[in-house]
Engineer: 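Structure incoming, see below.
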Amino acid sequence: MKFNTLFKISAVTTALFLAGCGGDINVTPTVNNGGGADGGNGGDGGNAVACASYGDVEGTYDGQDCTYDENFASATIEIDEDITFEELPDGGVHVFEGALQIGVDCDTTTSCEINQNGPVMTVEPGATLAFTSGEAIIQVARGAQLNAVGTFDKPIKFTSANEFDRLNVSGDAPRYADWGGIIINGNGITNQCTDAQRDGGTCNVESEGIVSYYGGNDNTDDSGSIKYAKIWYAGSGPRDGGPGDDLNSLTLNAVGSGSSYEFIHIHQGFDDGIEFFGGKADVKNVVFTDTQDDSMDIDAGWQGRAQFLFIKHGTVTVDGNTNYMGNGGFEADGEKNNGPDYSQAPTSAPTIANVTIITTDGKSVRDNDPSIATKFDDNFQGQMYNVLKVKENGTADDGCIFFTTDGEAGVDNGELDFYSSVLACTNNFVNTGDNTFADGETYSAWYPNGGVNEILDGSATVLNDDGISTDMTSSITIAANDLTALNDDFFTPVDFIGALSDDDTSSEWYQWVETAVAAADAD
């Protein structure tokens, strides 16, 4: 498999560099900005359209798009001022070749200090940000914020420059790994640090993919919010650290509960859709389509909440080849470390409700692993409500639920349970041997949870004709959990299992899913 747009220097790179943008750059003292010819917005003959700017440097407007060369954003520039990206008229986009780094990264074991009142990157409704290479990312330092809040009618988009014919010099259709994705570093709690490191202010975990630092002792950390946004064609394959050292579509590194992520569509990412490393950020109303690895990857002690997640594995055509997309709907890992030195950072124990996971019978082009609904590892201890898992076809080496030996510990400890949930799978459990827990209970005896949950099979009718909403009348015989007993205003009361009902097809959530799936099917 060739990733033609990953790690290359293209004609787009050259064009953006020649576009130039002006003046001295007012950034942190460690920045090597390289200068740049005076350009700014003069290219439009005085048009009032404003490209983003900070200090004395700004993007260049060509009459439709704003371009930002490596004097504006790169791996050597950390923007330490507030910056805003507005919607451009006539379908214009903000185009980047380099890394857009917001805030000053800091390893507190050195002489630096985290600026907890760092800069804010604001993306306004309707704005589109497009990226031209696998090195182009958005990276937000601890203390800084990314606030990308669109509207239902004017969502924000983060995508590949190849999506636009005028910006696509390679001739390739947009695809996974065209750009690097979004990395947000928070001050939250992760069991990648010891208690002593947190207490001493020296918790500095290196982010996967491209090194930056995260972690602390504040699970209320506010690193900003994303709402009504699309993140398409992001991520990358193994980086310097080898397999597993990847870039995701959206990485939330120890991001706290002051942040929120709602109404997001993540499509065709190379690695994970959203990966959590600790923290307590909440997510709601999120669609994942055709993500190569895991749609929701939970790790290092995430304590957040989630509701209304729609996950669909599928296929994409690349260079004439049909590629299957998707490993796990969830990869749910509890802890990187445990024991007395990590007593302040418990294992992952989120509360998650109203999830639909639709798998395939193929193996992901990423690593030839099968499409499964959920993988549990490392003593994961979440509580799962109203979850629907669907696998119409499968083989003995795949299924809807997979436990590692360490993953079984979450059940053995009595902290991992499903409520009002349905398995509608040809193979319910991945065949790993005798499929029993340490106390001798079988997986198939554990899952029903005293009749609260239901095991069907791959031929059961659990989806309506729309292919996305749950059919509560044909095969499913259990009732949904209305969630009111959780006594938590985050959770919307429901009367259905899975991510959505067809009772209100005019709702924003129904239309968000419908639009996302239609776009994925057409891609």
Side-chain angles (χ1 to χ4, degrees), residues 151-153 155 227-230 262-267 273 283-291 295-296 305-315 326 329-330 352-360 371 373-374 384-393 400 418-426 452-484 486 490-523:
T151 66
F152 181 78
D153 294 324
K227 187 172 184 179
Y228 296 115
K230 303 175 183 181
E262 303 177 63
F263 281 96
I264 299 173
H265 176 205
I266 294 176
H267 175 59
V283 296
K284 199 168 189 177
N285 301 105
V286 182
V287 181
F288 304 85
T289 53
D290 301 337
T291 294
S295 296
M296 285 272 290
R305 302 166 295 185
Q307 189 180 18
F308 303 130
L309 308 177
F310 184 91
I311 297 168
K312 188 174 186 293
H313 296 169
T315 61
F330 278 71
I352 299 173
N354 292 98
V355 181
T356 295
I357 305 173
I358 302 173
T359 66
T360 70
S371 167
T374 46
M384 319 282 279
Y385 296 83
N386 301 327
V387 178
L388 173 63
K389 303 176 185 181
V390 181
K391 177 176 280 293
E392 293 185 1
N393 299 291
C400 274
F418 285 85
Y419 304 90
S420 298
S421 296
V422 174
L423 286 178
C425 310
T426 297
V452 171
N453 303 314
E454 185 167 29
I455 298 178
L456 302 172
D457 60 44
S459 65
T461 301
V462 293
L463 295 175
N464 290 304
D465 290 342
D466 57 15
I468 57 176
S469 63
T470 305
D471 180 347
M472 293 291 295
T473 63
S474 296
S475 299
I476 297 172
T477 63
I478 61 172
N481 187 305
D482 67 9
L483 307 177
T484 57
L486 295 178
F490 171 83
F491 292 101
T492 302
V494 295
D495 60 1
F496 57 89
I497 294 167
L500 73 165
S501 166
D502 68 346
D503 287 344
D504 184 6
T505 57
S506 64
S507 71
E508 286 190 352
W509 173 229
Y510 185 94
Q511 293 183 47
W512 188 260
V513 177
E514 184 179 45
T515 300
V517 171
D521 290 345
D523 191 15

Engineer: Can you give me the closest heavy-atom contact between H265 and T289, atom names plus distance?
Structural biologist: NE2-OG1, 2.8 Å

Engineer: For K284 and F490, run side-chain contact (heavy atoms from CB on, under 4.5 Å): C-alpha distance rounded to whole Å, both residues' side-chain angles, the deciding distance at 0.1 Å, then the answer.
Structural biologist: CA-CA 9 Å; K284 199 168 189 177; F490 171 83; 4.0 Å; yes

Engineer: Let me confirm one number: the CG-OG1 distance from L500 to T470, rounded to the nearest 0.5 Å.
Structural biologist: 6.5 Å

Engineer: Quick check: closest heavy atoms across S421 and F418, and the distance to 0.1 Å?
Structural biologist: OG-CD2, 3.8 Å

Engineer: How many angstroms lie between CG in D502 and CD in E514, if you round to the nearest 0.5 Å?
Structural biologist: 11.5 Å

Engineer: When rounded to the nearest 0.5 angstrom, what distance separates CE in M384 from CG in N453?
Structural biologist: 11.0 Å

Engineer: Please name the pair of heavy atoms, one in H267 and one in D290, separated by the smallest distance, quoted to 0.1 Å.
Structural biologist: CE1-OD2, 3.6 Å

Engineer: List the steps, then state whether side-chain contact (heavy atoms from CB on, under 4.5 Å) holds for L309 with N285.
Structural biologist: CA-CA 6 Å; L309 308 177; N285 301 105; over 6 Å; no

Engineer: Just to verify, which of D503, N354, D482, I476 counts as forming a side-chain contact (heavy atoms from CB on, under 4.5 Å) with F496?
Structural biologist: N354

Engineer: Are T426 and D457 packed together at the side-chain level, in the sense that at least one heavy-atom pair is separated by less than 4.5 angstrom?
Structural biologist: no

Engineer: To the nearest 0.5 angstrom, please state how far the CD1 atom of I358 sits from the CG atom of L388.
Structural biologist: 7.5 Å

Engineer: So, applying side-chain contact (heavy atoms from CB on, under 4.5 Å) with Y510, which one of D504, D466, T515 is it?
Structural biologist: D466

Engineer: Taking all heavy atoms of L483 and all of F491, pick out the closest pair and write down the distance.
Structural biologist: CD1-CB, 4.2 Å

Engineer: Indicate the atoms forming the closest heavy-atom contact of V452 with Y419, along with that distance.
Structural biologist: CG1-CA, 3.7 Å

Engineer: Using the ring of F288 (Phe, Tyr or Trp, six-membered ring only), decide whether K312 places NZ or CZ under 6.0 Å from its centre and within 45 degrees of its axis.
Structural biologist: no

Engineer: Regarding K391 and T359, do their side chains bring together a donor and an acceptor under 3.5 Å, going by distance alone?
Structural biologist: yes

Engineer: Test side-chain contact (heavy atoms from CB on, under 4.5 Å) on W512 and F310 and set out the steps.
Structural biologist: CA-CA 10 Å; W512 188 260; F310 184 91; over 6 Å; no

Engineer: A quick test of your reading: do over 12 heavy atoms of other residues, nucleotides or ligands sit less than 6.0 Å from CD of E262?
Structural biologist: yes

Engineer: Parallel under 30°, tilted from 30 to 60°, perpendicular over 60°: which one fits the rings of W509 and F263?
Structural biologist: perpendicular

Engineer: Show the numbers, then the answer: is there a side chain to side chain donor-acceptor pair (under 3.5 Å) between E508 and Y228?
Structural biologist: CA-CA 10 Å; E508 286 190 352; Y228 296 115; 2.5 Å; yes

Engineer: Got S459 and E392 here, is their nearest side-chain heavy-atom distance under 4.5 Å?
Structural biologist: no

Engineer: Taking the side chain as every heavy atom from C-beta outward, state whether V355 and N386 have any pair of such atoms under 4.5 Å apart.
Structural biologist: no

Engineer: Between V462 and D471, is any pair of side-chain heavy atoms under 4.5 Å apart?
Structural biologist: no

Engineer: Please step through side chain to side chain donor-acceptor pair (under 3.5 Å) for the pair H313 and S371, ending with a clear verdict.
Structural biologist: CA-CA 7 Å; H313 296 169; S371 167; 2.6 Å; yes

Engineer: Give, for atom OG1 of T151 and atom NZ of K227, the distance between the pair rounded to the nearest 0.5 Å.
Structural biologist: 10.5 Å

Engineer: Just do the side-chain contact (heavy atoms from CB on, under 4.5 Å) check on E454 and I497 with the steps written out, would you?
Structural biologist: CA-CA 11 Å; E454 185 167 29; I497 294 167; over 6 Å; no

Engineer: Are I357 and T374 side-chain neighbours, meaning at least one heavy-atom pair lies under 4.5 Å?
Structural biologist: yes

Engineer: Taking all non-hydrogen atoms of both residues, which atom of C400 and which atom of A373 are closest, and how far apart?
Structural biologist: O-CB, 3.1 Å

Engineer: Working to the nearest 0.5 Å, report the span between CZ of F308 and CD1 of I352.
Structural biologist: 14.0 Å

Engineer: I'd like to know if the side chain of S469 and the backbone of S501 have a donor-acceptor N/O pair within less than 3.5 Å.
Structural biologist: no

